[in-house]
Undergrad: 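Pasting a structure below so you can have a look.
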Amino acid sequence: GISCISSARIRNLIIKNNTGTYGGGIYSNNYFLIEDCTIEYNTALVGAGVHLDNSSPKILNTIIRNNISNSEGGGINCWNSSNGLKYGLL
């Protein structure tokens with residue numbers, strides 16, 4: 001998957017079939033933009049698709065589907081964060 005520990009822009013990607021403890025698809029503890037992406041078939045203990053930890057993302061026109069968490073947040077898990085989802089499918 002992708003780990004965003006500084007600001008990032010992620011566009012036009014398929015983020016698929018990743019595994020992690022926190023954030024199988026994407027882990028972030030900073031500002032980031034995801035636009036026109038598909039995040040699918042990722043697994044994690046927490047936040048299988050996207051795990052946000054003190055983050056302020058913008059998620060635009062993005063599909064988040066078929067992600068599996070063993071605990072919390074199959075699609076998106078937010079810890080002290082906003083999910084920032086606009087015009088997306090979850």
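The analysis underlying the following values was restricted to heavy atoms, covering all of them including side chains, and did not include hydrogens, waters or symmetry mates. All residue numbers refer to positions in the sequence shown, counting from 1. All of these numbers come straight from a predicted model, not from anything done at the bench.
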Undergrad: Name all pairs fulfilling the salt bridge (Lys or Arg N to Asp or Glu O under 4.0 Å) condition that reach into residues 17-32, sequence neighbours left out, sorted by first residue then second.
TA: none

Undergrad: Got a list of side-chain donor-acceptor pairs under 3.5 Å for residues 41-53, not counting sequence neighbours?
TA:
residue : atom : partner : partner atom : Å
Tyr41   : OH   : Asn66   : ND2          : 3.3
Asn42   : OD1  : Asn17   : N            : 3.4
Asn42   : OD1  : Asn18   : N            : 2.9
Asn42   : OD1  : Asn18   : ND2          : 3.1
Asn42   : ND2  : Ile15   : O            : 3.2
Asn42   : ND2  : Glu40   : O            : 3.2
Asn42   : ND2  : Asn67   : OD1          : 3.0
Thr43   : OG1  : Thr19   : OG1          : 3.1
His51   : ND1  : Asn77   : ND2          : 3.3
Asp53   : OD2  : Tyr27   : OH           : 3.4

Undergrad: I'd like to check the salt bridge (charged side-chain N to carboxylate O under 4.0 Å, His left out) partners of Arg11; sequence neighbours left out, ordered by chain and number.
TA: Glu35

Undergrad: Do you know which two heavy atoms are closest between Ile76 and Cys78, and how far apart they sit?
TA: CG2-SG, 3.7 Å

Undergrad: Rest of the hydrophobic cluster containing Ile5 (Ile/Leu/Val/Met/Phe/Trp/Tyr, side-chain heavy atoms under 4.5 Å)?
TA: none

Undergrad: Atom CD1 in Ile34, atom CD1 in Ile10: separation rounded to 0.5 Å?
TA: 5.0 Å

Undergrad: In the hydrophobic clustering that connects Ile, Leu, Val, Met, Phe, Trp and Tyr at side-chain heavy-atom distances below 4.5 Å, which members other than Ile14 occupy its cluster, ordered by chain and number?
TA: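 Joined to Ile14, directly or through intermediates: none.
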
Undergrad: Determine the minimum heavy-atom distance between Ser71 and Ser69, stating which atoms define it.
TA: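 Answer, listing the atom of Ser71 first, then Ser69: N-OG, 3.0 Å.
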
Undergrad: Check ring-ring contact (aromatic ring centres under 6.0 Å, His included) between Phe32 and all other residues, then give those that pass, not counting sequence neighbours.
TA: none

Undergrad: With rounding to the nearest 0.5 Å, note down the distance linking CG in Asn30 to OG in Ser6.
TA: 6.5 Å

Undergrad: Measure the spacing between CG of Asn29 and OG of Ser3 and express it to the nearest 0.5 Å.
TA: 7.0 Å

Undergrad: Applying the 4.5 Å side-chain criterion to the ILVMFWY set and letting contacts propagate, would Tyr31 and Leu60 be lumped into a single cluster?
TA: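 Yes, Tyr31 connects to Leu60 through the hydrophobic network.
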
Undergrad: Enter the distance from Ser56:OG to Asn80:CG here, rounded to the nearest 0.5 Å.
TA: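 Between atom OG of Ser56 and atom CG of Asn80 there are 12.0 Å.
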
Undergrad: Can you check whether Ile26 reaches Pro57 side chain to side chain, under 4.5 Å on heavy atoms?
TA: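 No - every pair of side-chain heavy atoms lies 4.5 Å or more apart.
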
Undergrad: Looking at CG of Asp36 and CD1 of Ile59, how far apart are the two atoms once the value is rounded to the nearest 0.5 Å?
TA: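 One finds 13.0 Å between CG of Asp36 and CD1 of Ile59.
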
